[in-house]
Amino acid sequence: MSAVTEAATALKFTDRINRIEPSATMAVVAEADKLRQAGVDVVDLSVGEPHFSTPQHIKDAAIAAINNNFTRYTAVGGTIELKDAIIQRHAQDFGSAYKREEAMASVGGKHVLFNAIQVLVDHGDEVILPVPYWVSFKDIVRYAGGNCVLLQSDEDEGFRVTADMVARLVTPRTKLIILNSPANPSGAVMSPEDLTEVVRFGAERGIWVISDECYVYLNYTGREFSIGSLHEQRDRIIVVGSLSKTYAMTGWRMGYALSPAAVTSAMQKLQSQSTSNPTSIVQKAAVAALKGPQECVAEMRKEYIQLRDHVLAGLRSIDGVKCAKPEGAFYVYPNVSAFFGRGGIHSPADFSRKLLHEAHIATVPGEGFGTSEHIRISYATSQKELDRGLERLRKFVGSL
Ligand SMILES: Cc1ncc(COP(=O)(O)O)c(C=O)c1O
């Protein structure tokens with residue numbers, strides 16, 4: 001139990017708040033910040049956000065919104081203009097056909113997931129979750145009272161998840177399957193065929209499927225796909241989208257859901273009693289992002305592919321480091337278990353901590369993502385910074 005959770009228990013906070021932990025990635029950021037404040041030159045490979053700046057036309061739209069006094073409350077799920085922009089972008093890129101009552105905007109993709117899981121998952125419900133998982137899925141499900149049924153993927157298969165693997169875990173209590181392709185932290189991509197098959201058998205059994213598509217534009221397989229395009233089964237599908245990674249807008253907080261009207265309406269009800277609408281100014285920026293030129297997305301994707309290849313080659317050239325090839329997103333998930341038993345290291349947390357304090361590289365230990373041999377490295381940074389990190393890592397493991 002963490003110190004925070006212990007204090008909360010002593011103060012008799014609710015069961016539901018005691019069921020969850022602070023995000024593992026946030027803990028690393030805080031520790032790296034402390035070192036930086038003390039004047040240490042930290043190579044930060046921990047953050048899950050683009051190193052690019054938000055494109056100028058998006059920033060201009062926000063500035064214009066302020067100057068035009070577009071600064072009041074809007075409809076809880078966003079303006080009609082924004083909903084239409086979300087629907088049109090998705091239709092154009094993936095061939096979906098959603099209606100206005102099936103679209104809503106929230107304060108980031110994480111907020112969409114929170115809304116959706118609170119609406120769908122009840123106490124005792126089972127939720128199938130592939131491992132390694134993005135840290136927040138598990139805690140949001142637990143907050144809702146659900147039980148995560150973990151699907152172990154195989155590192156030697158690039159952590160790929162197939163429909164068969166998902167089907168094997170279905171029980172009469174399965175309420176929801178959470179998919180994230182491309183995935184954080186593994187970068188694994190599910191094939192369109194497997195995604196389609198999961199949705200098909202989910203629909204047959206009345207199981208909901210959440211598809212977290214925050215990295216859908218950072219798919220390097222050349223087969224970009226959204227389950228939102230599966231019109232016939234869309235009664236059970238919730239597509240979760242985010243502008244954070246696609247348009248380098250992490251701090252703006254804008255995400256969206258495309259889901260059946262009844263789900264959308266329930267999520268809007270919940271949002272009406274929490275945040276209300278996402279920031280009005282950000283909604284205008286989001287419209288500019290979704291309706292404006294999309295070259296920026298393609299350019300960023302091109303650079304991420306180069307960075308992926310660069311960091312992968314660098315890591316694989318270090319003795320003892322094993323690393324699966326990610327097919328999307330902007331993370332690599334190397335296996336560092338070869339170093340366990342050396343220099344007092346027995347876990348990814350030990351490895352990451354020592355790496356931060358001795359080599360001044362910030363990474364995220366794999367425990368938070370549900371595995372016990374890996375660390376997560378974000379390559380959303382300059383090649384120069386990656387090279388500095390790789391060099392320090394090489395020296396660090398060489399000294400163990
Ligand atoms: C898999 C995944 N889903 C959702 C999110 C949330 O993104 P945001 O809330 O910034 O849209 C992230 C952010 O790192 C993520 O990695």
Side-chain angles (χ1 to χ4, degrees), residues 48-50 52-93 96 98-119 136 140 210 212-217 226 228 238-297 300:
E49 63 181 342
F52 300 106
S53 301
T54 305
Q56 191 59 44
H57 67 283
I58 300 175
K59 295 196 269 197
D60 289 342
I63 293 163
I66 295 175
N67 288 334
N68 293 333
N69 295 312
F70 191 74
T71 51
R72 300 180 191 280
Y73 292 131
T74 72
V76 168
T79 60
I80 287 176
E81 181 190 33
L82 175 57
K83 288 183 183 181
D84 286 351
I86 291 167
I87 291 167
Q88 281 161 18
R89 178 82 272 139
H90 207 268
Q92 197 171 326
D93 293 342
S96 60
Y98 283 95
K99 303 192 189 84
R100 255 185 217 157
E101 61 272 24
E102 298 171 317
M104 71 176 280
S106 300
V107 187
K110 191 184 272 192
H111 188 207
V112 179
L113 285 161
F114 190 85
N115 284 341
I117 291 169
Q118 298 309 314
V119 164
S136 295
I140 299 177
I210 287 183
D212 178 340
E213 301 186 356
C214 286
Y215 299 96
V216 77
Y217 291 96
S226 164
I238 294 99
V239 169
V240 177
S242 168
L243 275 66
S244 286
K245 324 284 174 170
T246 312
Y247 300 103
M249 291 178 72
T250 47
W252 297 70
R253 314 308 301 132
M254 175 55 65
Y256 60 84
L258 293 166
S259 60
V263 178
T264 309
S265 155
M267 292 197 294
Q268 287 189 149
K269 181 167 69 169
L270 177 59
Q271 188 162 304
S272 77
Q273 300 298 5
S274 55
T275 60
S276 294
N277 61 273
T279 307
S280 58
I281 300 151
V282 176
Q283 292 191 50
K284 284 288 184 190
V287 170
L290 295 163
K291 292 176 83 160
Q294 300 298 302
E295 286 78 13
C296 53
V297 180
M300 289 189 264

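Atom CD of residue E81 and atom OG1 of residue T74 lie 11.0 Å apart, to the nearest 0.5 angstrom. A distance of 6.0 Å separates CZ of F70 from CD of Q283, quoted to the nearest 0.5 Å. Rounded to the nearest 0.5 angstrom, I140 CD1 and Q118 CD are separated by 8.0 Å. Of the inter-residue distances, the one linking I58 atom CD1 with S53 atom OG reads 11.5 Å to the nearest 0.5 angstrom. Here CZ of R89 is found 3.5 Å from CD of Q294. Values are rounded to the nearest 0.5 Å. Between the CD1 atom in I238 and the CD1 atom in I117 there is a gap of 9.5 Å [rounded to 0.5 Å].
The shortest heavy-atom contact between Q271 and A105 is NE2-O, 3.0 Å. A pairwise comparison of heavy atoms in A285 and A62 identifies CB-CB, 4.1 Å as the closest pair. Contact detail for H90 and S96: the closest heavy-atom pair is ND1-OG, 2.8 Å. Summarising the geometry of G48 relative to K245, their closest heavy-atom pair is O-NZ, 2.7 Å, with the distance given to 0.1 Å. Shown here for A103 and L258, the closest heavy-atom pair between the two residues is CB-CD2, 3.8 Å. Annotation for V240 and G109: closest pair CG1-O, 3.8 Å, computed over non-hydrogen atoms.
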(request) Please assess R253 against V282 for the test side-chain contact (heavy atoms from CB on, under 4.5 Å), listing each intermediate value before the final yes or no. (result) CA-CA 8 Å; R253 314 308 301 132; V282 176; over 6 Å; no

(message) Please evaluate residues E102 and V263 with respect to the criterion side-chain contact (heavy atoms from CB on, under 4.5 Å), reporting the C-alpha separation (whole Å), side-chain torsions for both, the decisive distance (0.1 Å), and the verdict.
(response) CA-CA 8 Å; E102 298 171 317; V263 178; over 6 Å; no

(request) Report the C-alpha separation of L82 and M254 in whole Å, then their side-chain angles, then the decisive distance to 0.1 Å, and conclude whether the side-chain contact (heavy atoms from CB on, under 4.5 Å) test is met. (result) CA-CA 11 Å; L82 175 57; M254 175 55 65; 4.0 Å; yes

(request) Using the side-chain contact (heavy atoms from CB on, under 4.5 Å) rule, take H111 and S274 through it: C-alpha gap first, then chi angles, then the decisive distance, then the call. (result) CA-CA 11 Å; H111 188 207; S274 55; 4.2 Å; yes

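With hydrogens and angles left out, the side-chain atoms of D60 and Q56 include a donor and acceptor closer than 3.5 Å. A side-chain donor from one of S259 and T264 sits under 3.5 Å from a side-chain acceptor of the other.
Looking only at side-chain heavy atoms (C-beta outward), K83 and E101 stay at 4.5 Å or farther from each other. Counting heavy atoms from C-beta on, the side chains of Y247 and V297 come closer than 4.5 Å. Here the side chains of W252 and L243 are not in contact, with every heavy-atom distance at 4.5 Å or above. S226 has its side chain within reach of V239: a pair of non-hydrogen atoms, C-beta onward, lies under 4.5 Å apart. Contact annotation: the side chain of K110 never approaches that of S242 to less than 4.5 Å [non-hydrogen atoms, C-beta and beyond]. The side-chain heavy atoms of N115 and M104, taken from C-beta on, include a pair separated by under 4.5 Å.
In this structure a side-chain-to-backbone donor-acceptor pair under 3.5 Å is present from T54 to A248.
Within a 6.0 Å sphere centred on CD1 of I80, other residues, nucleotides and ligands contribute 12 heavy atoms or fewer.
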